[in-house]
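Labels below follow one simple rule: chain letters A, B, ... track the order of the sequence lines, proteins then strands, and each chain is numbered from 1.
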Protein chains: 2
Amino acid sequence: MNFNEAKNKFVQTWGALGSQWGINKTMAQIHAFLMVSSEPISMEEIMQELQISRGNASMNLRALMDWGIVYKEFKQGERREFFTAEKDLDELATKIARERSKREIKPALKVLKEVSSIDDTSSVEAKHFVDQTKKLYDFVAKADTMIDKVTEYKDNWLTKLIVKMMG
Amino acid sequence: MNFNEAKNKFVQTWGALGSQWGINKTMAQIHAFLMVSSEPISMEEIMQELQISRGNASMNLRALMDWGIVYKEFKQGERREFFTAEKDLDELATKIARERSKREIKPALKVLKEVSSIDDTSSVEAKHFVDQTKKLYDFVAKADTMIDKVTEYKDNWLTKLIVKMMG
DNA sequence: ATAAACTTTCAATAATATTTGAAAGTTTAA
DNA sequence: TTAAACTTTCAAATATTATTGAAAGTTTAT
């Protein structure tokens, strides 16, 4: 396998993986491509490399920037915008974890709190419902706290966590 | 909010959340419904409650059983099959984590190993690619090891992990 | 101010994923 | 056996999501 084949395979695989995690394919591919590029890349080049339209490139770059994992760069004397990806993996994982916590876990917790607060003990069914959703609330809240704690370390959190666990 | 509204809201929310995590809406809804049901439920009742077709119910129940988080039950003197969900949350999280590791992380690692093994140091671009994909391999491998370790505890692993981290 | 060089937006279109429902398959009871 | 009661399968239909591309918008240099 040569460099270009490898790069292509990486971008494709990352894109497919993205879909399985609720991230759209192009978004994941752009991120993959930028992550293995040593230089900032123009929109034109992204379109070219991934064979996508200008609109598609623009929208997905915007989404990646909203997630805080792709940055705009300006080059000396160049009018065009260039893009780079966050390449530090601890930082990348931290940003993704925090963002998903904010966008998905916190709203879910709100609903869990709400539905587990109904005041109905009139049936076994209702009692089970309250009990189970309360447990779920506690579990998810704990997981969310965990994410906060873990991403707080910033540097090398994954390694540090593993070291802790071995002890 | 009464019991039925709460139950409905929970099922809907869980379904929407599922989509964001690459799980189809109906599959997540069935799981949610079973999780808050105190009794085993027949396919008929699932179809009724979620307003879905027989085929849809059948396929998604099958998928949930493949994941090992929904079980078939047989009732005394009943011909029909009944279903229950894994209700222990540690067990549930463990099964999901293990299954995703097997289905997604391990194949991704294989590709990362493959593409990071190209023998090309002829350009800065190629060197960066190899370097970055190697780092990614290490990171993902570490995360996967972490999942193995963490789910090994079985009981109360999330709590135990948090306790460790506080120390 | 103007025009060139670029980016963003969004309605239309295409691609993908899910759902249906009827036919085929299976199991059980008699 | 057979037929009733159930489940599974899968091609077709539907719904959802992503993508295109051209028009509108923005910025910069002169």
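Under the 3.5 Å distance criterion, with hydrogens and angles disregarded, no donor-acceptor pair is assigned to the side chains of B:Gln20 and A:Trp21. Using a 3.5 Å distance cut-off with no hydrogens or angles, the side chains of A:Asn60 and A:Asn24 do pair a donor with an acceptor. Between the side chains of B:Asn8 and B:Asn4, no donor-acceptor pair of N or O atoms lies under 3.5 Å.
Rounding to the nearest 0.5 Å places CG of A:Leu61 at 11.0 Å from CG of A:Asp66.
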**Q.** Under 4.0 Å protein heavy-atom contact, by nucleotide of nucleotides 14-21 of chain C - B base, S sugar-phosphate only
**A.** ----SSBB
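Between B:Lys135 and B:Asp131 there is a salt bridge, since at least one side-chain N of the basic residue sits less than 4.0 Å from a carboxylate O of the acidic one. Using a cutoff of 4.0 Å between basic side-chain nitrogens and carboxylate oxygens, B:Glu125 and A:Lys7 are scored as salt-bridged.
Among the atoms of the strands shown, only primed sugar atoms or phosphate atoms (P, OP1, OP2) are found under 4.0 Å from some heavy atom of A:Arg80.
Annotation: of the two residues near DNA chain C, A:Met65 and A:Arg79, the 5′-most nearest-nucleotide partner is A:Arg79.
Heavy-atom contacts of chain A under 4.0 Å fall on DNA chain D between two terminal nucleotides, which in 5' to 3' order are D:dA18 to D:dT28.
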**Q.** Candidate pair A:Phe3 and B:Phe129, rule ring-ring contact (aromatic ring centres under 6.0 Å, His included), full reasoning
**A.** CA-CA 8 Å; A:Phe3 173 40; B:Phe129 175 84; 5.7 Å; yes
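No close placement of the A:Tyr71 and A:Phe83 rings is indicated, their centers lying 6.0 Å or farther apart.
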